[in-house]
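All remarks here apply to the structure that follows.
No hydrogens, no waters, no symmetry mates; every other heavy atom, side chains included, goes into these values. Numbering starts at 1 and runs along the sequence shown.
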Amino acid sequence: MNLINSLAQRRMKLSEPLTRDLVVQRDLRVPMPDGVELLADRWAPRSGGEGLPTALIRCPYGRGGMLAALQARPLAERGYQVLIQSARGTFGSGGTFDPMRNEREDGLATLDWLVKQPWCGDAIVLCGASYMGYVQWAVADQLPPQVKAMIPQVTASTLVLEFLRADGFSLETPFGWGTVVGAQERRGALLRVPLQLRRTARALRTLPLERADTAALGERSGIIQNILAQDADSPHWDGCDHRHRVAETTVPVSSIAGWYDIFLPGQLRDFRALQDAGRPARLTVGPWTHTSPDNGAITETLEFGLAHARGVQPPERAPVRLYVTGAEAWRDFTSWPPQGYDPQRFHLQPDGGLAVEPPADSAPDHYRYDPTNPTPAVGGIRMLAKAGPVDNTALEARPDVLTYTTPVLDQDTEIVGDVEAEIFFRSSLAHADVFVRLCDVDPKGRSRNICDGLVSLTGADETQSATVRLWPTAHLFKRGHRIRVQVSSGAFPRYARNPGTGEAHVTATTFRAADQTVHHDPEHPSAIVLPVRARV
């Protein structure tokens, strides 16, 4: 094993390997019902590999590189044989890559082929992150008896619908993913990643957006065109939503999520569906982004997956294990959302205040949003840019961002669960966005983001209550800190700029600035609703 692999595994704090002597069978041909063949590589110990539990990873990003070094090799050295398969139309597999639309049929055919291989044995574990987790849900309700467990990481049973909803069009993540996939098989693609990311960032300002793929890749991309033009309700995505399969999953599932992951709401929804259906499942949520280099999935595949593959129970632990930011500590719970946390309204107040008391009569606050100089995305829920908690000082100094802050807390305040805001809002235009961010302000005055969300409004030129769903969280506001809420009208390029004209995002070429109004008075009690731990 080379030095890079050794250092990587040491950093991951994995147990000592059972063997370092592996063999790789490359380019195994897996037939699909339509005659297409998908390629797969099998990693196994050189001696005694046949019959070991098989970890199946189905992937659109190739079968070598970091995937092989950080997933296939560690697992094959510690009790598994590993089959990595390239998704249809990627890295030598036949057919055309049409994201998410073939994964059920191809996944079921792959499992049917796998169980017939003489080396397979009688135990299979499905594992992998992001797209590699999504493909697990695509077959979850029709698994052969050889499948003993699933370990989906930073993923959900539907990947696109959260991003393409009409009331909050997420731009950076789906478009950025489309450019990564579009360029990944070009010569020297890995070396060109920094340049490609810069081109993609510039392309997101292209008008109209339907030309942005050419600006990013130098050519039209069918994947990106579908992302831009087909919203969540389009028939194009029929068959890509596997939410209805989750409750029918019969094998134990260990879900691994991150508080700053792009798929967190969907992953928590999937876990709750398993929980409500009485399925064997557990959940781990850490302080991670979508691309955090943690070893949680490998550890779970070794501890949870191997145990079930061998017909024994994994080490006992609570069904839900959450990392509480602010406290910087892990805590165990019996369910999601956990009991003992009650919704409490923190009302926006005049002069930038925030308090549990209802607001008194007061004049509203105003700001101007200009999509040609959009309020930027700073940290938070992002895939290809700096994500997670960051210093919000520069963002909060902008004239298009309002802030509302509590007095210094005289005792710790812990929140765990779903977060929602209700903002009474009016715009000078009929079409506008409302972005809300929850922050923790430390004794030195530094404001760091915890969670946020956006909603797009129509009829915004009449005062209305905008309900904004923020990302779920588990956070402790320590005594001596303050709770802060930001209100603005965008977070570009995470969310597409609202042109203010009512035009579709993909074809809009005209932008109009808007004068926005946020009300906080007895008739318009704007508030953020936090799940606060009940005091005993």
Ion pair R494/D452, N-O distance below 4.0 Å: yes
Please report the C-alpha distance between S130 and Q153 in whole Å, then the side-chain angles of each, then the deciding distance to 0.1 Å, and finally whether the side-chain hydrogen bond (donor to acceptor under 3.5 Å, both in side chains) criterion is met. CA-CA 6 Å; S130 195; Q153 180 187 18; over 6 Å; no
Under a 4.5 Å cut-off applied to non-hydrogen side-chain atoms, are V30 and Q85 in contact? yes
Roughly how far, to the nearest 0.5 Å, is CH2 of W237 from OG1 of T158? 9.5 Å
Mind telling me whether F169 and H505 have parallel, tilted or perpendicular rings, with 30° and 60° as the class edges? parallel
What I want to check is whether the side chains of S292 and T289 have a donor and an acceptor closer together than 3.5 Å. yes
Could you walk me through whether T19 and D21 pass the side-chain hydrogen bond (donor to acceptor under 3.5 Å, both in side chains) test, one step at a time? CA-CA 6 Å; T19 180; D21 188 13; 5.6 Å; no
Going by heavy atoms in the side chains, are C59 and L67 under 4.5 Å from each other? yes
Nearest 0.5 angstrom please: Q184 CD to Q196 CD, how far? 11.5 Å
Does a donor on one side chain sit under 3.5 Å from an acceptor on the other, for R78 and T301? no
Counting only heavy atoms not in L190, do more than 12 fall under 6.0 Å of its CG? no
State whether a side-chain donor-acceptor pair under 3.5 Å links S157 with R243. no
Would you say the side-chain atoms of H290 and D261 include a donor-acceptor pair closer than 3.5 Å? yes
Side chains of R29 and L39, heavy atoms from C-beta outward: is any pair under 4.5 Å? yes
So, do W137 and M150 sit near enough that their side-chain heavy atoms are less than 4.5 Å apart? yes
With rounding to the nearest 0.5 Å, note down the distance linking CG in L70 to CD1 in I298. 8.0 Å
If you count every heavy atom of other residues, nucleotides or ligands that lies below 6.0 Å from R220 atom CZ, does the total exceed 12? yes
Side chain to side chain, P472 and P265, heavy atoms closer than 4.5 Å: yes
Is the closest side-chain donor-acceptor distance between D213 and Q225 under 3.5 Å? yes
Decide if atom CD of E328 counts as having more than 12 heavy atoms of other residues, nucleotides or ligands within a radius under 6.0 Å. yes
Student check: side-chain heavy atoms of R88 and D34 closer than 4.5 Å: yes
To the closest 0.5 Å, what do you measure between CG (L111) and NZ (K116)? 11.5 Å
Side chains of Q142 and R104: donor-acceptor distance under 3.5 Å anywhere? yes
How about V23 and W43: do any of their side-chain heavy atoms sit closer than 4.5 Å? no
Hydrogens and angles aside, do Y341 and E414 bring a side-chain donor and acceptor to less than 3.5 Å of each other? yes
Compare all side-chain heavy atoms of P389 with those of I450 and state whether any distance is below 4.5 angstrom. no
Would you kindly say whether E300 and S254 are connected by a side-chain donor-acceptor distance under 3.5 Å? yes
Could you measure the distance from the CG atom of L143 to the CD atom of Q136? Nearest 0.5 Å is fine. 9.5 Å
Would the Y134 and H242 ring centres measure less than 6.0 Å apart? yes
Salt bridge or not for E219 and R186, using N-O below 4.0 Å? yes
From the list I84, L126, L38, side-chain contact (heavy atoms from CB on, under 4.5 Å) with R58 holds only for L38
May I ask you to check whether F271 and W336 place their ring centres under 6.0 Å from each other? no
Regarding T179 and T200, is there a side-chain donor-to-acceptor distance under 3.5 Å anywhere? yes
Testing the 3.5 Å rule here: is there a donor-acceptor pair between the side chains of N392 and R437? yes
Tell me whether the count of non-hydrogen atoms from other residues, nucleotides or ligands lying under 6.0 Å of CG in D332 goes above 12. yes
One thing to verify: whether R63 and D27 come together as a salt bridge, which I'm taking to mean a side-chain N less than 4.0 angstrom from a carboxylate O. yes
